[in-house]
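This report refers to the structure that appears directly beneath it.
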Amino acid sequence: MKILVIGSGAREHAIIRRLAADRPSPELHAAPGNPGIARLATCHDVLSTDLDAQVRLAQQLAVDLVVIGPEQPLVAGAADRLREAGLTVFGPSAAAARLEGSKSWAKEIMAAAGVPTAASVTVTAAEQIEPGLDRVNPLSDVPFVVKADGLAAGKGVVVTDDRRAAVAHAEAVLAAGGSVVLEEHLDGPEISLFCVSDGTRVVSLAPAQDFKRALDEDRGPNTGGMGAYSPLPWAPEDLAETVVRTVARPTVDELAARGIPFVGILYCGLALTRRGLRVIEFNARFGDPETQVVLERLASPFAPLLHDAARGELDERQGLQWHEDAAVAVVLASAGYPATVRTGDVITGIDACEALGAHVLHAGTARLDGELVSAGGRVLSVVGTGSDLEGARTLALAGVEAIGLEGGHHRSDIARRAAADALGTAEGRA
Ligand code: AMP
Ligand code: GLY
């Protein structure tokens, strides 16, 4: 099978790495890819935003399947364009990707489908902000949650105890021409569950947990994600099944009933609150960095799963197999991330990291005069595996510490609580 993967991040590197492990292994192409992906796939100089060039490339290569990684091309209609050209595509249409592209529309779909989520108010004018906050947080006794309605690379959400800061964020989003979703605050651990859908059927992958804040102990600003782990030893055993039944399937059904089949990954971002599971957000693609750990644990063939979904032939009855091993990903970010980042710093030590048994997935890296340098906010993910989370996180951390990047930073507490919990020590769950 010949497969083209669109994107250039650590998520796409993880997808390609896992596709390359299938037997027989597919012929792999990437657009544009990155220096790490180039070791496993032929990289083509086509940007993820250039839909015309993507269609031309996929046609020239006569690929059997196109897998679209990032949200921007999906929301811009890349899957529609490729399908119109006769290609088989894993990734939702622009209409279905609105689940990620518009938080207010996602809320509307969830309400229609009876999917449990935080109560919310959509605000389009400044005078609606204060009454909206009073509605979703009447006692002002929990943090305020203020979200930009559109795509924001994980940075459009502010969760704060400070009402003035909440109002200021809402005003800034409105001033920039967007609308704002104000939400009830959800407490409890967060879970990411990727559900594969072919438009009607749904198969879930293994749950993972992402760490969104920049600094240890969940301090600092929100980021695109600083690390992840899987499995979740503290989560209920029937979690994936419950999410498919109460969240993913009703959502896919609701979209299908509206004539908007969802083909691709329905990423369910969930909070396990005292009152039960609630959706925090939907994304229309694999998550980053959760994909780096989830795919590491997938034992079933991967390309046939994506290909079946893309053709509307997903087999719900055939369960997926998972490795018992745990996986932990630690993201190495550039100086300054998630604010203004510095790029062009030399990256050293990748071989030393991999000699320890961890592996490196590239994100913001580039080759400059023969040297590997940083070229983005999240530079790479180091993934460690082990028979338990403690072993996996120890390896991932040793791996990231073997890498040299001036000003680079990473979190040292990825999966720490879950590993301690699994070992029965006092620290407790995430
Ligand atoms: P989102 O982009 O919607 O996933 O939000 C980013 C992060 O903000 C989430 O991973 C949560 O940590 C936090 N967050 C979003 N919505 C809520 C909510 N309603 N209650 C509490 N935290 C939230
Ligand atoms: N891990 C968060 C995201 O992919 O949006």
Side-chain angles (χ1 to χ4, degrees), residues 5 7-21 25 28 30 32-43 69-70 208 210-211 223-230 286-298 302 323 325-335 337 341 343-368 370-386 389 391-412 414-415:
V5 177
S8 62
R11 162 185 52 213
E12 287 76 27
H13 193 173
I15 291 169
I16 285 175
R17 176 183 153 91
R18 183 58 192 78
L19 287 170
S25 61
L28 295 168
N34 64 39
I37 290 173
R39 284 159 53 183
L40 299 168
T42 308
C43 291
D210 176 20
F211 291 71
T223 68
M226 293 297 289
Y229 68 92
S230 177
F286 284 104
D288 187 347
E290 297 96 313
T291 302
Q292 287 89 306
V293 290
V294 171
L295 293 187
E296 192 57 30
R297 299 188 53 236
L298 176 67
F302 187 38
H323 295 297
D325 274 7
V328 174
V330 176
V331 170
L332 178 61
S334 295
Y337 181 78
V341 298
T343 57
D345 289 306
V346 175
I347 302 164
T348 58
I350 290 197
D351 290 343
C353 166
E354 297 200 327
L356 296 170
H359 66 267
V360 174
L361 298 168
H362 291 232
T365 69
R367 288 232 171 262
L368 191 66
E371 280 189 310
L372 190 67
V373 298
S374 59
R378 290 187 291 176
V379 177
L380 45 84
S381 293
V382 176
V383 182
T385 53
L389 283 172
R393 72 181 295 275
T394 303
L395 181 54
L397 279 175
V400 85
E401 273 151 23
I403 294 177
L405 172 67
E406 176 102 15
H409 61 97
H410 67 272
R411 280 184 63 160
S412 64
I414 306 299

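Computed from a predicted structure; not experimentally measured.
- R411 places no side-chain N or O within donor-acceptor distance of the main-chain N or O of V330, the cut-off being under 3.5 Å.
- Proximity of H13 to H359: side-chain heavy atoms (C-beta onward) are nowhere separated by under 4.5 Å.
- Of all heavy-atom pairs between L389 and A327, the closest is CD2-O, 4.4 Å.
- Across all non-hydrogen atoms, the minimal contact from E290 to A228 is CA-CB, 3.8 Å.
- Under the 3.5 Å distance criterion, the side-chain polar atoms of S381 are left unmatched by any main-chain donor or acceptor of V331.
- Formation of a donor-acceptor pair under 3.5 Å by the S374 side chain with backbone atoms of D345 is found in this model.
- Remark: side-chain polar atoms of R393 are paired, donor with acceptor, to backbone N or O of S412 under 3.5 angstrom.
- More than 12 heavy atoms of other residues, nucleotides or ligands lie within 6.0 Å of CZ in R367, so this atom counts as buried by the packing criterion.
- With hydrogens and angles disregarded, a donor-acceptor distance shorter than 3.5 Å links the side chain of R378 to the backbone of G224.
- Between V5 and L19, some side-chain heavy-atom pair lies under the 4.5 Å cut-off.
- Heavy atoms from other residues, nucleotides or ligands lying under 6.0 Å from CD of E406 number 12 at most.
- Two residues are said to be in side-chain contact when any heavy atoms from C-beta on lie closer than 4.5 Å; P289 and D210 meet this criterion.
- Under the side-chain contact (heavy atoms from CB on, under 4.5 Å) rule, P35 has a single partner from L372, L380, V373, I350, which is L372.
- No side-chain heavy atom of H323 sits under 4.5 Å from any side-chain heavy atom of T385.
- Taking CZ from R18 and CG from L298, the interatomic distance works out to 4.5 Å, rounded to the nearest 0.5 Å.
- Between C43 and I37, some side-chain heavy-atom pair lies under the 4.5 Å cut-off.
- In this structure, the side chains of I403 and V360 come closer than 4.5 Å at one or more pairs of heavy atoms.
- The shortest side-chain heavy-atom distance between V382 and L332 does not fall under the 4.5 Å cut-off.
- In this structure, E12 contributes its side chain and G33 its backbone to no donor-acceptor pair below 3.5 Å.
- With H409 contributing its side chain and S334 its backbone, the two residues share a donor-acceptor pair below 3.5 Å.
- Taking the six-membered ring where the residue is Trp, F286 and F302 present perpendicular rings, their angle passing 60° and hence far from 30°.
- Here the shortest heavy-atom pairing between A333 and M226 reads CB-CE, 4.1 Å.
- Of all non-hydrogen atoms in I16 and A30, the two that sit nearest each other are CD1-CB, 3.8 Å.
- Using modelled atom types, no side-chain atom of E401 and backbone atom of A398 make a donor-acceptor pair closer than 3.5 Å.
- Of the possible donor and acceptor atoms, none in the side chain of R11 sits under 3.5 Å from a partner among the backbone N and O of G287.
- Of all heavy-atom pairs between A20 and S25, the closest is O-CB, 3.4 Å.
- Of all the heavy atoms in G376 and T343, the pair that sits closest is N-CG2, 3.6 Å.
- In this structure, the separation between CG on L397 and NE2 on H410 is 5.5 Å, given to the nearest 0.5 Å.
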